[in-house]
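Scroll down for the structure; my scribbles are underneath it.
These numbers come from the heavy atoms of this one structure, side chains and all, not from hydrogens, waters or symmetry mates.
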Amino acid sequence: MTTTAASSHHLSPAFPNRAPWGTANKLRAWQEGALGRYLEQQPRDFLAVATPGAGKTTFALTLASWLLHHHVVQQVTVVAPTEHLKKQWAEAAARIGIKLDPEYSAGPLSKEYDGVALTYAGVGVRPMLHRNRCEQRKTLVILDEIHHAGDSKSWGEACLEAFEPATRRLALTGTPFRSDTNPIPFVAYEEGNDGIRRSAADYTYGYGNALGDGVVRPVIFLSYSGNMRWRTKAGDEIAARLGEPMTKDAVSQAWRTALDPRGDWMPNVLRAADQRLTEVRKGIPDAGGLVIATDQDSARAYAKLIREITGTKATVVLSDDAGASQRIDDFSRSDDRWMVAVRMVSEGVDVPRLAVGVYATTISTPLFFAQAVGRFVRSRRRGETASVFLPTIPNLLGFANEMEVERDHVLDKPKKEGGEEDPYAESEKEMAEAEKQQDEDTGEQDMLPFEALESDAVFDRVLYDGAEFGMQAHPGSEEEQDYLGIPGLLEPDQVQLLLQKRQARQIAHSRKKPDAEADLLELPAERRPVVSHKELLELRKQLNTMVGAYVHQSGKPHGVIHTELRRVCGGPPSAEATAGQIRERIAKVQEWATRMR
């Protein structure tokens, strides 16, 4: 039985056009393709990478049904990242006649069940229990979001120990990459021409392909900038604008300030997101919105703001709350407007009506971002669009512009030139030392808690399909409304055309206004690139080089020159200064050096 043709008449009702069991009306082209490849190869291990929202569960359960029906396996074990997903798998399996026990903990399994649904944490606690089950009966193990098996060494080792004897292993993920280099169990790695090992998928179905097939929605990202002011632990008050080039620390602090519910940034962005949701609901009446928060206190505060803005209550989902799964299910079946969650809804949770999102968390890994955006892309009918609101943070804008890039998990870190982890590490170290010489009396005991002081919001740009549109606009302005009012039902090429038209209208309107009225930078987004930390490091390196040259010319120590630059030009220590402030200091050192010649 090596080809689909040889055995297609034996397939379960879920393959390919008969699915009364509930996972799908019929298999999508990619699911048929992946299943066909599996049945041709009959491998022990198979890694399927499919973009969030593409239907990995349907594919996996269809395959499980086939393997059970043909007695290749006698039982199924599903491993998922969370309790909620474990239950979701059991419910989906039950709809196609596979009974999984999501409450299994130990001992013999009741004969009414075809297998169990577990969490990675649960496997980590008792790996030998699950190994024994695999040894006693031929088992298919479905490892959902397999990259989580690399979350901790113990989880990875437990999965290896528990499922090494399994007859078949099916690994699933929407994001096979990790920001670390922990190997993922049962995943094959292949060495490239550069000597770096990367994960090798047996079948890949990326966001770009899914978008072309109409399986997922196109995503419109709406980015908001604004002025932030905060107090550092050292007691310095710092002001900066989101999107300006800053050090990593300053970006992080400005970001935290923006997300503080007591400032003006979050209320304005939530108000804009709710207006967008109203527009989307004209075409998708049950469309819902989701705010992804950093922590529980913020989640509750955002829910309170939503109630003030909309007059209706938001569903709050906290990961350690016993009723969290039920609340997600209730929200999914209702037509309520908003849900606020801490991390829990970032991955795998299926609420197809979610169409508008607010990324209100400081987590900045590409994996988390992709999984978070994946909550909004599941398409139910042609023309649906998803809208995600973001702060203007370089990393996030980079991820948004690379939505269609397919990534693999890299097992080896590439070596940088000269063996340095960071090519600017030495100059960074010198600068830190220079700053320290002036501030060495500042001890840990004098440190204050970080404090967000104030924030405001400015509509900054729209990102769509790798392009950027729009000029800055104040919340509530006609220009902002132009972008919030884009219809919620549009074909992908219509979105692009409409955004181009809105930007042209905004530029024309700007030209008619007197220059004195231009209180915002009136340039289209493509002419306002968001400068990255790397580019900022180049500027700091240049400043260090200039200061080093002036040390030899003036005979003054590094630290004294840096302090003098701060006194004359203003602003925080160089490690926290913006690109504009560093450029000003470079010009000032050049001016001093010229005078001394």
**Prompt:** Given Leu143 and Val141, is the side-chain contact (heavy atoms from CB on, under 4.5 Å) satisfied, shown in steps?
**Reply:** CA-CA 6 Å; Leu143 297 148; Val141 179; 3.8 Å; yes
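- Contact check on Asp45 versus Arg169 returns a salt bridge, with a Lys/Arg side-chain nitrogen under 4.0 Å from an Asp/Glu carboxylate oxygen.
- Rounding to the nearest 0.5 Å gives a distance of 9.0 Å between CG of Asp330 and CG of Asp336.
- Taking both residues in full, the closest heavy atoms of Met266 and Ala258 are given as CG-O, 3.6 Å, listed atom of the first, atom of the second, then distance.
- Arg217 and Thr385 are not linked by any side-chain donor-acceptor pair at a separation below 3.5 angstrom, with hydrogens and angles left out of the test.
- The closest donor-acceptor contact from the side chain of Thr257 to the backbone of Gln253 lies under 3.5 Å.
- Taking every heavy atom of both residues into account, Ala314 and Ile306 meet most closely at CB-CG2, 4.0 Å.
- By the 4.0 Å N-to-carboxylate-O rule, Glu40 lies too far from Arg37 to be salt-bridged with it.
- Salt-bridge formation is not detected for the pair Asp213/Arg28: no Lys NZ or Arg NE/NH1/NH2 atom is positioned less than 4.0 Å from an Asp or Glu carboxylate oxygen.
- Looking at Arg131 and Glu161, no side-chain N of the basic residue comes within less than 4.0 Å of a carboxylate O on the acidic one, giving no salt bridge.
- Residues Gln75 and Asp114 have side chains not in contact (no heavy-atom distance under 4.5 Å, counting atoms from C-beta outward).
- A donor-acceptor contact shorter than 3.5 Å is absent between the side chain of Ser110 and the backbone of Tyr113.
- With hydrogens and angles left out, the side-chain atoms of Asp329 and Gln88 include no donor and acceptor closer than 3.5 Å.
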**Message:** Evaluate Val351 against Arg378 for side-chain contact (heavy atoms from CB on, under 4.5 Å), listing each step before the verdict.
**Reply:** CA-CA 9 Å; Val351 184; Arg378 186 181 294 274; over 6 Å; no
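- If you look at Tyr359 and Phe369, their ring centroids are closer than 6.0 Å.
- At distances below 3.5 Å, not a single donor-acceptor pair connects side-chain atoms of Lys99 with backbone N or O atoms of Ala94.
- At most 12 heavy atoms of other shown residues, nucleotides or ligands fall within 6.0 angstrom of atom CD in Glu190.
- A distance-only check finds a donor-acceptor pair linking the side chain of Asp101 to the backbone of Glu103 [under 3.5 Å].
- Taking CD1 of Ile142 as the start and CH2 of Trp89 as the end, the distance is 5.0 Å to the nearest 0.5 Å.
- Going from atom CG of Leu170 over to atom CG of Asp202 covers 9.5 Å, rounded to the nearest 0.5 Å.
- Side-chain atoms of Arg281 come within 3.5 Å of backbone atoms of Ala287 as a donor-acceptor pair (strictly under, hydrogens ignored).
- Side-chain contact between Thr119 and Pro81: absent, with no pair of heavy atoms (C-beta onward) separated by less than 4.5 Å.
- When all heavy atoms of Leu270 and Tyr302 are compared, the closest pair comes out as CD1-O, 4.2 Å.
- Looking at Gln42, its side chain never comes within 3.5 Å of a backbone N or O of Tyr38 through a donor-acceptor pair.
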**Prompt:** For Ser298 and Asp295, what are the C-alpha separation, side-chain angles and deciding distance, and is it a side-chain contact (heavy atoms from CB on, under 4.5 Å)?
**Reply:** CA-CA 5 Å; Ser298 298; Asp295 55 53; 2.9 Å; yes
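- Of all non-hydrogen atoms in Arg126 and Ala106, the two that sit nearest each other are NH1-CB, 3.2 Å.
- In this structure the side chain of Phe46 reaches within 4.5 angstrom of the side chain of Gln41, judged on heavy atoms.
- Remark: Arg133 qualifies as a cation-pi partner of Tyr104 under the 6.0 Å distance and 45° angle criteria applied to the six-membered ring.
- No donor-acceptor distance shorter than 3.5 angstrom exists from the side chain of Thr167 to the backbone of Leu140, with no hydrogens or angles considered.
- Stacking of Arg353 on the aromatic ring of Phe331 is recorded, both the 6.0 Å distance cut-off and the 45° axial limit being met.
- Centroid-to-centroid, the aromatic rings of Trp30 and Phe59 come within less than 6.0 Å.
- The distance from atom CG of Asp286 to atom CD1 of Ile284, rounded to the nearest 0.5 Å, is 8.0 Å.
- No side-chain heavy atom of Leu47 sits less than 4.5 Å from a side-chain heavy atom of Tyr203.
- The shortest non-hydrogen separation linking Val72 to Trp66 is CG2-CZ3, 4.1 Å.
- A donor-acceptor contact shorter than 3.5 Å is absent between the side chain of Thr51 and the backbone of Ala54.
- Between the Lys86 side chain and the Pro102 main chain, a donor and an acceptor come within less than 3.5 Å of each other.
- Residues Val342 and Val317 fail the side-chain proximity criterion, which asks for heavy atoms closer than 4.5 Å.
- The shortest distance between side-chain heavy atoms of His130 and Thr139 does not fall below 4.5 Å.
- Note that CG of Asp260 and CH2 of Trp265 are 12.0 Å apart. Values are rounded to the nearest 0.5 Å.
- Residues Leu397 and Pro391 come closest through the heavy atom pair CD1-O, 3.8 Å.
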**Prompt:** Could you walk me through whether Val76 and Leu68 pass the side-chain contact (heavy atoms from CB on, under 4.5 Å) check?
**Reply:** CA-CA 8 Å; Val76 178; Leu68 285 166; 3.8 Å; yes
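- Looking only at distances, a side-chain donor or acceptor of Arg337 sits under 3.5 Å from a matching main-chain atom of Asp274.
- Side-chain contact between Gln31 and Thr58 is present, with heavy atoms from C-beta onward closer than 4.5 Å.
- Here the straight-line distance linking atom NZ of Lys138 with atom CZ of Arg168 works out to 9.5 Å at 0.5 Å rounding.
- Using a 3.5 Å distance cut-off with no hydrogens or angles, the side chains of Thr392 and Ser223 do pair a donor with an acceptor.
- Counting heavy atoms from C-beta on, the side chains of Val269 and Phe389 come closer than 4.5 Å.
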